[in-house]
Amino acid sequence: MVNLFAFFGPPVITLALFVTGTLPYALWIKWRNPSRAARWAVLGGAAAIAAYGAATVYGLAFTDPLDLCGTRTGDGVYMDAGRDYSLTSADVGGFPPTVTCHWTSGHSTDVGWFWTAPLLHVGLACAVVCCALLVNTRVKHARTRRRDRPGTQAGTALR
């Protein structure tokens, strides 16, 4: 059986990180007044980091991946709960963090939080798209400033 910290720990830690990050985020918005794209880039990055951290905490850091798959018997064999299958192997994936359990019956089960992979991918997509928007805006403003500079004519500098 999975211990309570392994089961409840990752969501609690994820929520605690979001709550802890709320104050610096609010102060940053108030003092710096960033663009909407910058805000969404920060939120997307934070969501991706939190999802990756929660999945890693659940599957890799605080528990043995074999303990996630089944219950260890007295002779050290991991058994599937409610069935008579023993565990043959467990695969741990790095991105997105996953644990796949392989049983003697031939079936495999994926263990982990259902929300980590979607949150990770959506957060990364949001961060990448918003960073691309920020770079595009920065390039447009740089061109406009260069064109409006004294001593320039029709976008080319006079020499």
Side-chain angles (χ1 to χ4, degrees), residues 2-70 78 87-103 107-159:
V2 177
N3 65 17
L4 288 177
F5 179 75
F7 188 73
F8 291 113
V12 169
I13 290 171
T14 303
L15 288 174
L17 288 174
F18 274 127
V19 169
T20 305
T22 303
L23 180 65
Y25 179 75
L27 292 174
W28 174 63
I29 287 176
K30 183 175 179 164
W31 290 338
R32 299 294 305 256
N33 196 18
S35 66
R36 180 171 284 155
R39 291 183 212 167
W40 278 104
V42 168
L43 289 176
I49 289 169
Y52 189 82
T56 303
V57 164
Y58 181 71
L60 307 174
F62 293 113
T63 60
D64 184 13
L66 297 177
D67 287 336
L68 294 175
C69 294
Y78 288 89
L87 184 66
T88 58
S89 65
D91 295 331
V92 178
F95 188 83
T98 57
V99 176
T100 305
C101 307
H102 303 285
W103 303 96
H107 77 278
S108 299
T109 54
D110 290 327
V111 181
W113 294 101
F114 67 91
W115 51 269
T116 55
L119 184 61
L120 177 66
H121 290 102
V122 168
L124 285 175
C126 179
V128 167
V129 167
C130 290
C131 285
L133 287 172
L134 289 170
V135 168
N136 187 23
T137 303
R138 177 71 64 152
V139 168
K140 284 182 181 178
H141 284 300
R143 286 182 187 158
T144 304
R145 275 190 242 127
R146 205 172 326 149
R147 193 173 356 148
D148 295 340
R149 207 179 320 152
T152 61
Q153 183 176 12
T156 59
L158 296 175
R159 293 181 187 189

Of the non-hydrogen atoms in A48 and L120, which two are nearest, and what is the gap between them? O-CD1, 3.4 Å
So which heavy atom on C130 is nearest to which on W40, and how close? SG-CB, 3.3 Å
Shortest non-hydrogen contact from A127 toward G45: CB-N, 3.8 Å
If I compare all heavy atoms of A47 with all of G123, which pair ends up nearest, and what's the gap? CB-CA, 4.3 Å
For the student: nearest non-hydrogen atoms of L134 and S35, plus distance: CD2-OG, 3.5 Å
Please verify the inter-ring angle class for W103 with H107; under 30° counts as parallel, over 60° as perpendicular, anything in between as tilted. parallel
Kindly compute the distance separating OG1 (T137) from CG (L133), expressed to the nearest 0.5 Å. 6.0 Å
Could you tell me which non-hydrogen atom of Y25 sits nearest to which non-hydrogen atom of R39, and how far apart they are? OH-CB, 3.3 Å
Are L87 and C101 close enough that some pair of their side-chain heavy atoms sits under 4.5 Å apart? yes
Is a donor on one side and an acceptor on the other found under 3.5 Å between the side chain of S89 and the backbone of H102? no
How long is the gap from NZ on K140 to CZ on R143, to the nearest 0.5 Å? 9.0 Å
From L119 atom CG to I49 atom CD1, the distance as rounded to the nearest 0.5 Å: 11.0 Å
